[in-house]
Every structure is written in C-alpha cells, then in structure tokens.
Colleague: 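Take a look at this one; I'll ask things after.
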Amino acid sequence: MKKTVGIVYACSAAALWAVSGIAGQILFAKYSISANWLVSTRLVLSGCLLLSIGLKDRARLISPFREKKGFIQLLLFSFLGMFLVQFTYFKTIEQSNASFATIIQYTGPFFVLLYAAIAKCRSPL
C-alpha cells in the first residue's frame, strides 16, 4: 500500500511540475509576467502554506532556528536549493519554452555524476 501511495505521489509531482512549466510559458507569453515575479510569488505563497501547515507542531517548526548550523543550512537550501533551481527553470522557459527547459533540467543528474567522478578521480560505473 505504501509503495502504491509513493508511486501516486511521484506521478502527481511530475504531472504538476509539467503543468507549472506550461502555465509559466502561458503567463510569460500572454501576460508578460517576468520569471523573477513568478518565482518569488510561488515561493512566498508556498512558504506561507507550509508554515500554516507547520503551525500544528510548533516545536518542529522552530527547531531549525534554534541552532546556528540548522539555520544556515535552511538559508542555503532556500536560496541554492529552491530559488536558483526554480529561477533558472522559469527563466529558461521565459527565454525559450517549457519543453527545452525540461530537457535541460533533466541533464542535471548527468553533470552531477560527471562532477562526482572527476572530483573522486574514479569511474561512476
């Protein structure tokens, strides 16, 4: 049962990511919205939603802020892990189209693997 739920979640996430790319392309083309505005708005709204959900367990919600290390990790993930990934994805859509942005995005794991192989001086196989 858990495996089925996981598969449904993964498929839903992929479908929603595709829909967000197409929606972004429409917003850029028809309404002249910028990638800066779209990404900032998406992240602020989703942050508010997650914070409102997290209010049910306040101890866990504020735990990253209690230690300096946890707070720094949260800031780094917020900027490098969320903002830059979404910004570059939507900026690519704004400059070209959703299909090209998705293809470019899915080359990322290859470059991570290549970097890891070079950094560790060994074959990834």
Colleague: Starting from Val5, walk the hydrophobic network (Ile, Leu, Val, Met, Phe, Trp, Tyr; side-chain heavy atoms closer than 4.5 Å) and list everyone else you reach, by chain and number.
Modeller: Met1, Tyr9
Colleague: Let me have the donor-acceptor pairs involving side chains of residues 47-63, under 3.5 Å, with sequence neighbours excluded, atom names and distances please.
Modeller:
residue	atom	partner	partner atom	Å
Ser52	OG	Cys48	O	3.4
Ser52	OG	Leu49	O	2.7
Ser63	OG	Arg60	O	3.0

Colleague: Mind checking who shares a hydrophobic cluster with Val44, ILVMFWY linked at side-chain heavy-atom distances under 4.5 Å?
Modeller: none
Colleague: With ILVMFWY side chains joined below 4.5 Å, transitively, what does Ile118's cluster contain besides itself?
Modeller: Phe110, Phe111, Leu114
Colleague: What are the two closest non-hydrogen atoms of Ala98 and Gly21, and how far apart are they?
Modeller: CB-O, 3.8 Å
Colleague: Run the side chain to side chain donor-acceptor pair (under 3.5 Å) test against Gln105 and tell me which residues pass, sequence neighbours left out.
Modeller: Trp17
Colleague: Hey, could you give me each pair passing salt bridge (charged side-chain N to carboxylate O under 4.0 Å, His left out) that has a residue in residues 14-35? Not counting sequence neighbours.
Modeller: none
Colleague: Indicate if Val19 and Phe90 have the same hydrophobic cluster label, given that clusters are the connected sets of ILVMFWY residues with side-chain heavy-atom separations under 4.5 angstrom.
Modeller: no
Colleague: Show me the donor-acceptor pairs, under 3.5 Å and distance only, between side chains in residues 35-43 and residues at least two apart or in other chains.
Modeller:
residue	atom	partner	partner atom	Å
Ser40	OG	Asn36	O	2.8
Thr41	OG1	Trp37	O	2.7
Arg42	NE	Gln86	OE1	3.1
Arg42	NH2	Gln86	OE1	3.4

Colleague: So which pairs with a foot in residues 52-80 pass ring pair (Phe, Tyr, Trp, His ring centres under 6.0 Å), sequence neighbours left out?
Modeller: Phe65-Phe71, Phe79-Phe83
Colleague: Enumerate the residue pairs fulfilling salt bridge (charged side-chain N to carboxylate O under 4.0 Å, His left out) with a member in residues 70-97, sequence neighbours excluded, ordered by first and then second residue.
Modeller: Lys91-Glu94
Colleague: At what distance, to the nearest 0.5 angstrom, does CD of Gln73 lie from OG of Ser78?
Modeller: 11.5 Å
Colleague: Listed by chain and number, what are the side-chain contact (heavy atoms from CB on, under 4.5 Å) partners of Thr102, not counting sequence neighbours?
Modeller: Tyr89, Tyr106
Colleague: So which pairs with a foot in residues 113-125 pass side chain to side chain donor-acceptor pair (under 3.5 Å), sequence neighbours left out?
Modeller: none
Colleague: Assigning hydrophobic clusters by single linkage (Ile, Leu, Val, Met, Phe, Trp, Tyr; side-chain heavy-atom cutoff under 4.5 Å), is Leu74 placed with Leu76?
Modeller: no
Colleague: Is Ile72 reachable from Leu84 through a run of I, L, V, M, F, W or Y residues, each pair having side-chain heavy atoms under 4.5 Å apart?
Modeller: yes
Colleague: Which ILVMFWY residues are connected to Leu16, directly or by a chain of links, through side-chain heavy atoms under 4.5 Å apart?
Modeller: none
Colleague: How long is the span from the OG1 atom in Thr92 to the CD1 atom in Ile103, to the nearest 0.5 Å?
Modeller: 12.0 Å
